[in-house]
Structure formats: C-alpha cells, structure tokens
Amino acid sequence: MDHKAVQQKWQKAWEDEKIFEVKESKTKNKFYVLEMYPYPSGSGLHMGHAKNYTLGDASARFKRMQGYNVLYPMGYDSFGLPAENAAIKDNTHPRAYTEKSIANFIRQQKELGLSYDWSRTLASHRPDYYRWDQWIFLELYKKGLAYKKTAIVNWCSTCQTVLANEQVVNGACWRHEDTPIDNKELNQWFIKITAYADQLLSGLEKLDWPEDIKQMQKNWIGKSNGVDIHFALEGIDTLLPAYTTRCDTIYSVTFLCIAPEHPLAIELSKGTSHEAEVRQAIEQSRKQSLIERTTETGQDKIGAFTGKYAINPVNGERLPIYVANFVLMYGTGIVMADAHDQRDFEFARKYNIPLKFVISDDGSPINPEKASCAFLSDGVLFDSGDWTGMHNRQALPEMAEWIEKNGWGKQTVNYKLRDWLISRQRYWGCPIPMVYCDSCGIVSVPEKELPVLLPEDVTFGSGNPLATNRNFVETSCPSCKKPARRETDTMDTFMDSSWYFLRYCDPHNDKKPFAKAKVDYWLPIDHYIGGKEHATGHLIYSRFITKFLKDLGMHSIDEPAKRLFNQGMLHKDGVVMSKSKGHYVLPEEVSEKYGIDTARFYLFFVAGPEKDMEWSDQGIEGAFRFMKKFTEFLPETFTSKTDPKEESVRNKTIRDVTSYYESSTFNKALIELASFTDFLRNKGSFSKKSAETLILLMSPITPHISEELWEKIGKKPFCSLAKWPTFDETKIKPELEAEDDFAEKVRQDMLTLNTLIKFKPKSHTLIISAAWKYDFYKKLKEELAKTRDMKTLITSCMVKGHESEIAPLVAAVLKDPSRLPDFILSQATEKKALNTLLPKLEKEFDSHITITFAEQSQDKKAANAMPGKVAIVAHE
RNA sequence: GCGGGGGUGGCAGAGUGGUCAAAUGCGCAAGGUUGAGGGCCUUGUUCCUUAGUGGAUGCGCGAGUUCGAACCUCGUCCCCCGCACCA
C-alpha cells in the first residue's frame, strides 16, 4: 500500500466533504473532546505533540462512530511572550510570525489525520477573539472582581514583566528557572479569584480528574479554618488581629510577630528607640530573595522588637510585638507566637524571648528553660484556665467558640490562594480596556468601543512597548471627553485560555462571546487532554472564569471539564522530546518512511497513554511489521458462512476493544486487535463481517488505512462515519477459542483414566479442581462415576470465595482412614495447593498417585506427543 | 517536613488472590524459506533435570495472613512528581 497516496487521498476527502464539521443536534448525544490549545511555536510540531493530538483524535473518532455528536475543535494560544521575543530576534512582527506559525501548525496537524472541525478554529491574538477577553474583563470590573492595587509583585527581569503567583516556580520565573523573581512594588490589575476560592475547592469533588491534580489544586487553594484573635495594642485604641489555626495554645502565647511587609510594622516602632532596628530587620528580610525566604537553606530567623506591647485578651498578659521575617502576608500578617511552633521557638531563642508550654503528653508541666525544641504533638492541656486537663484537639473547637463568644476574636476561614495578577508589561497580548483620566480617574472603555485594538506599530526594547505608540496611548476620556491615557499593560495570556473552550461552541459570534444555548449543549468537556503542568494555572483559571460566566447568566455550566486526562511525555534519548534541545523526531520523517498510521499505532501500542514513553526506532519497525499484516489481511474472497469460533473471537474482540477504548487504554486494545488480525490471517478464509469488524475497530488509530480497506471491500465511504460494531455476548464461547480443542483432550483423558482406574475399582479417589475449570471438573466426575461407585469419590471444587473448603475436606479425609484416597486427581494448576497437601496425606498412607493433565502444559507440541495426554507420577 | 504516584524478566510494558515462569512488542538464539548472515515465517529465551512429564528459584527488601501471594497486611529501602517558614 502506498501510504503517502492513501493518506493524501483520504485527508483530502475528509476535508472536501467536511465530514467532521458538527452542529448542535436535538436527537444525538454530544461528546466534547479537547486537547489544550497549543501555543503555536515557530518551530512546529514534533512527535511528542503528535502523541498528544492523536490521543484526542482516537477518542473523538471512537465516540463519533459510537453515534455521538462529537465536538472536536482546535485553536491557538497565539498571544504571548515567546512570539514577541522570537519576532524581535528574527526582526519580524509578532503578528506575521504568529500567523505563519499557525499556518504551519495547521498543515502539520492535517497531515497527522486529525479529525478536527476546522470551521471552528480560533486564535487568541485575533481581534474577533480578544475583544471578548476585554468584554469579560469589563464584566469582572463591573462586579468588582477586577481591581487595581499597589502591591509587592513578582518581577522577572528576563521577561521584563510581572508574573502571577501561578507563574512562579521555586522562586524563579516559570520560563527561566535561572532567573530568580524580584519583588517590586507596582500598581497592577488583579482579578479577584479568591472570591471563588470555596467554590473552586468544593467543585473538585465532582470531577473525574487524576487524584494528584485535584490534590495540587486543593493545596494551592489551601483552605484552613482558624480564628482571628484580637490583641489590643497597649496604650492605643487599636486591635491587632492575629490569625491562628491553633487557638488551643492561646495560653502559651508570649509574643506577637508581624510580617515585614505589613504596613503596621514600621508604624508601630515609629517614635520608639527601636525604630532603627526594625527598619534594618525589614530591610534585611526584603533583601532575602523569595528563594531564600521560602526554602530550607535560607530560613534564618530575622526580626526586631517594635517597642510595643499587645494584651492577650484571654489572660491579660503583656506580649511584646516583633517584626519577624518568617511571617508572611498571609491571613492577617500577624501571628501569635508560642512554644508549640518550631519557628516561633527558634525565633524566641534567638531574641531571648521567654516561652511557655501548655500542652504535654500527659498534661504535666514542661519547663521552658530546659526545652530544646517546640512541642508539636497533640496532648493534654495544662496552665490553660478552665481548659486545663482537656485534650487539646477536643478543646480546640470549643475554645474557638469561647473566644468568639467573649468578643476576643472571630472564627475565620483562610486561603492560600491569592488574587490573580493579570497586568503584563509586554506588547503581544490583549490590551486591558481601561483609560486613565486626570479628572475622572480610572474609566473603563465602553462596551461598544471594543475591541481596543492592539496597535501594529510599536518600538521594542525599552520598557513597555505599547507606551511607545502615542496614537494608542493618547485618547479621550469616555466619561468627560478630556484627553486621557490608555492602559499600556496587556493581559496575562492565561486570561485568553480561561474561556476558549466556550468560544469553540460559537466561534463566529460577533454579538457576544457565545450563545448560551450552544454552550449549554456542548459543555462540559467530556474528555480534556493536557499536561500536568497546568494543574495550578490554566486549570484553576478556567474553572474560575467558567463559574464567573455562569454567575453572569451566560451559561449554566458548573465545571468546564468533567474528565481530565494527563498524557505522558514522549522521550527521546532519555529526555522529554524537545526541539530546542535537539531531542526530537519529526512526524513528517516517520510518515514518509512508514506512513502516519504506523506512527499513530506505535504511539498507542507501547504503553498506556498516560505514561511517559521512549521513542524507539526498533519499536516503530515492530509496529510497521504489524501494519503490513493489517494492510494485507484481506483475502480474495470471503466465506459465506460464519463459523461459531470465528464469531466468538469477533464478538469477544469487539467487546474487549470497546471497553479498552472507553477507558483510553489503547495499548491493550491494540494487542487485542493484533491478535484478531493474526487469528484471521492464520484462518485464511473468513467472513466479510470479520473483515469489517477489524477495519472499523482499527479506524480510530489507523484512520487512513481503514478508509482504504473499507473502500476495498466495497463499502461506501467513510468508515470514519460508520457505525461502531456491536457484540453479542451469547456468541462469545471461550471454549471454542483458546481451549477449543480442550474438550477433545478431556475426552481422551477420560478414556485413559478409565483404563487406569479399572485397576483398583474399589479404592477412593480424591478430585481437586478449581472453579475456573468447573465444567472440566463436572465432566471428570461424571466420567469417573461411570467406572466407580459414587461412594468412592471424594471431590472438591474450589469455588472462588470458597477456596478454604479444601482444608476441611482434607481434614475429613484424614479423620476417616477408610476414606483415604489412593488417587488424587488434579490438574497442573493446582500443583501448589497439592504441594502443601501431599505431605499431610503422605503421613497417613503408603502411596498415592497424582495425575496431571497435559493440556495444562504450555508446550502444545509436548502435549500432542503424549499418548493419552496423561502423565502419572507415583509418590513412594 | 506534608501530600500524591511508583519499584515486575536483557529493555519497554501487562497482570492486583488461584487458568502465572508471568500477555504483547523490542532485543537475543536456533530452525525454515530465499543465490547471501537482509526480508519473511516457525520455535525458543531464570536455573536444574527429562524422550515428554517434573523440581527449585522468582515480580525492590524483610516479615505476616492464606491450602495458595507479583497481587492482601505490616515494616523497610529506593525512585519520581507536586507543595513547602501559610501560623
């Protein structure tokens, strides 16, 4: 078969006939398959990408054939820094660079035979898409969920822009692991994702997502229950709230700590003799890079006394207030400190602050002077007023109630999740539709003026590129019409990707982002394929925006993706395939040599799709050998009758392969299909039905060859749209298959047995058989009964779940010597059980015989060579 | 430290209480075919023993449960991946 010609023929036919284009249907059930839309890099696709897309394609094709109305679109995450940098480097415009890259991507993807509905393709850098980014931003702004504030933010000096928390990895930029994040104080746009923290957390439970991803999101959201305890500032009428999850240790508090970033840190010390020290401590901890501050290596405690005291509301004790570097601006930015926390303990030791314990294993006091470390475990409270003697975990919720009731504090829930910083000081992104007016302040661009177009003409190199285009910057205030300035920052591209899957449902709508009915029909995504690296980024943002748009009444969907699938990475030379690092295989090359279907087959065959796998040139040779068999499996003519065995294998193959496809375990499906192919080829002549079945079952993986063969057997195109074969369970007869000659063997075994048994017609015979050979066991018993009195038969079938029956049986035999068997009939499979039994039995009588049936032997040749197929071993 | 996932034959990778010396593919070996040692087909591929049967060892390591464990329980070692001074 000429792979190249076949591929081109069918790819063209699919495209000409637009067979993968879909629309909403009242009668068909929908199925939405999606791969995370790619960033269209200029270097194009390698085999690793191909693996990802064919994974979605196989699912889409499978579901389509099962009769679902399958939405399977593709688009491009085409804004972003890499395009800007690449364009600067090649001295071209990011738009030209991006459009070219997209065209190249599409060409390559079509060559993979992917069954996308190309009529829905979108790209986030195009105004017809990003105008709705701006629209969503304005909706967020209207609802108070988009706001501008000055804050200490993450700055990457290589990217020359700020980053969201989600884009900081180990204290460094997600794109530059060697560029530590700088802390800068800037005025930036934030999205209030924290307003949805609780929903984002509880929504996880319903999702059919990998456990580790759910866990990562849980940790990222980081919900904790605690109490804000109000400590009065001594001498001043101010309350300092300190967040704690351990209010059971309130009696052990000996000082308070405040984060260096906290506005009060400096304020408190002002005018005291400690001001200089405090300033120095703040300065020092600021100098510590985020890496030092959050990793084990740089956990030196730095701090200073502010000169002020607070009052413990519970017992009126005076507590010195310290600035401490280990306290983060989380919760209230103030913590109460005691001997039941290792960090507090270390800090106290360093600055000679007294400590107090209130929990010990048995409630007996601990001398703080002698303690060498904090007491972190749970135990019994002491020196804790009325709570003394109680177990701390039991006391904790009650104490929280008690504190709140007395007005000393308030029970609070805290999250680690922070608001999403979306401002970027770069050009190639969606403009933030805001205007700064000297008289009106921050004014939003009216909806009818959207989109705020990204200007073509900017100068790169010094600061924010958009600021270099005066025509863009200089505008008039939408409110008072006086001269005003446009926002020159662009949006984080994660904003673009947080709703693109909704736009696919209605990609050409120019009145609104999408029609509600269409989204309600297609969503949620039934099978979302993408990498783990998006666990705490895109996958949280998109859930958030989906929920927000639902609250706006835009659609009725709770969660964007019902099932998430993390594909494994394709490796080359032991490392993840990557063009920039030079470890890659190109789909074109493989396609040229073996045909793309071979590559698709190989990618699915080696391992489960969720596993990382190594590309192997020998491996693809093996796949090619199979593909050759497959392309040549059709006989000259088909048999008119189907024989039961063939039907059995065919139905079983449909059943198993369908269930493997259903669970995306393609590797096992392909093993079944390979063995079905071998079965048919060995058989030589078979029915047309079997041929059809094989072609159809293969077609999600090898669509081009399947189409070709489908045509060859006289079927109308397209097999891609043909009905998925169904199976009839009643036609599946295992005994006809692998064990098809089993019955015959058993019969012969019986004859041999009969002769054997005739020698001692009055002795007992013990039969042990296993449940999965129940039919065999029954037959054996019947046969023996013909030659022997039933009383002389002692039998047992180890039914599953009743395996231990064999023990009482043996016990019964041993108890009654008259029932001692002189034959033990068994099968090879029970030899392990027998091995444990034989020694027991051997003690009781002189000899016995074990008979093993040869059909259990793996070696068919040996079995056939054996007359009677029974082997006898006599034990002395 | 916390959380999640793993350790199976020369390699990749199935198998999660008995049809298991362990699917399938690669590799390796032998035989067949063909003017080659390339392609294809067949068989074999832990060790000992056999004409065939059989036995021993064996799924990271150690113990346990069971008539029976790659699979269950406990302990232990190692690897990967997240989070990490979050009070």
Side-chain angles (χ1 to χ4, degrees), chain A residues 169-170 210-220 222 224 226 242-246 249 257 293-296 298-301 324-332 334-338 340-344 346-347 414-416 532-533 535-536 602 605-608 611-614 616-623 625-626 628 665 667-668 670-672 674-675 734 738-739 742 768 770-773 776 798 800-801 803-810 827-837 840 850 852 854-859 861-867 869-873:
Chain A
V169 179
N170 290 329
E211 270 317 306
D212 55 340
I213 300 286
K214 291 211 255 185
Q215 195 60 45
M216 278 158 81
Q217 292 209 352
K218 246 181 238 173
N219 294 341
W220 191 259
S224 67
Y243 177 71
T244 181
T245 55
R246 291 292 306 278
T249 62
C257 291
R293 217 166 138 191
T294 53
T295 53
E296 282 173 54
Q299 293 190 2
D300 288 340
K301 302 287 174 287
N325 68 332
F326 68 89
V327 181
L328 307 176
M329 268 312 289
Y330 163 79
T332 60
I334 301 171
V335 300
M336 57 187 220
D338 55 51
H340 294 287
D341 182 289
Q342 190 57 31
R343 294 153 302 178
D344 298 351
E346 284 169 23
F347 189 84
N414 246 306
Y415 298 91
K416 281 199 236 179
K532 272 189 168 47
E533 68 275 17
T536 54
Y602 170 71
F605 181 70
V606 175
K611 290 213 167 179
D612 286 359
M613 61 176 268
E614 173 77 21
S616 147
D617 291 334
Q618 275 121 8
I620 190 135
E621 286 282 353
R625 270 199 284 280
F626 170 74
K628 267 199 264 183
T665 37
N667 51 331
K668 282 183 249 172
L670 290 182
I671 288 166
E672 289 288 321
S675 80
E739 299 175 302
F742 179 67
I768 303 165
W772 60 92
K773 292 287 187 194
F776 174 83
M798 292 187 287
K800 229 177 191 170
E803 288 89 346
S804 51
E805 273 181 12
I806 197 164
L809 180 78
V810 170
Q827 300 160 67
T829 47
E830 283 83 55
K831 69 183 177 215
K832 280 185 186 169
L834 272 183
N835 286 341
T836 55
L837 280 177
K840 294 182 193 172
T850 304
T852 304
E855 87 280 349
Q856 290 298 325
S857 164
Q858 297 294 310
D859 188 348
K861 231 182 186 176
N864 289 331
M866 232 175 341
K869 294 167 195 138
V870 178
I872 305 142
V873 178

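Sequence lines set the chain letters: A, B, ... in the order given, protein chains first and strands last, and positions in each chain run from 1.
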Sugar-phosphate only, base, or nothing, as touched by A:Gln618 at under 4.0 Å among non-hydrogen atoms: sugar-phosphate
Whole-Å C1' distance, B:rA23 and B:rG13: 10 Å
Touch class at under 4.0 angstrom, heavy-atom based, for A:Asp612 against every strand present: sugar-phosphate
G-U wobble or Watson-Crick pairing nucleotide for B:rG1 (cut-off 3.5 Å, both distances): B:rC83
A:Tyr415 side chain near B:rC86 phosphate (N/O to OP1/OP2, under 4.0 Å): no
Face-on cation placement of A:Lys301 at A:Phe326 ring, 6.0 Å and 45° thresholds: yes
Any A:Arg625 side-chain nitrogen or oxygen under 4.0 Å from OP1 or OP2 of B:rC41: no
Donor-acceptor under 3.5 Å (A:Tyr602 side chain, A:Gly622 main chain): no
Nucleotide of B:rU24, B:rC85, B:rA12 approaching A:Arg343 most closely (side-chain heavy atoms): B:rC85
Separation of the C1' atoms in B:rU57 and B:rA51, to the nearest angstrom: 25 Å
Touch class at under 4.0 angstrom, heavy-atom based, for A:Thr244 against every strand present: sugar-phosphate
Touch class at under 4.0 angstrom, heavy-atom based, for A:Arg246 against every strand present: sugar-phosphate
Gap in Å between the two P atoms, one belonging to B:rG25 and one to B:rG64, rounded: 39 Å
Passing option when A:Val327 is tested against A:Asp344, A:Thr332, A:Ile334, A:Val335 for side-chain contact (heavy atoms from CB on, under 4.5 Å): A:Val335
Donor-acceptor pair present, A:Lys301 side chain and B:rC85 base, under 3.5 Å: yes
Side-chain N or O of A:Lys611 closer than 4.0 Å to phosphate OP1/OP2 of B:rA14: yes
Salt-bridge criterion met for A:Lys532 and A:Asp212 (N-O under 4.0 Å): yes
C1' spacing across the pair B:rA70 / B:rU34, given as an integer number of angstrom: 44 Å
Touch class at under 4.0 angstrom, heavy-atom based, for A:Phe626 against every strand present: nothing
Touch class at under 4.0 angstrom, heavy-atom based, for A:Gly622 against every strand present: sugar-phosphate
Sugar-phosphate, base or nothing in reach of A:Lys668, heavy atoms under 4.0 Å: sugar-phosphate
Nucleotide nearest A:Gln215 when distance is taken to its side chain, options B:rC85, B:rG3, B:rC86: B:rG3
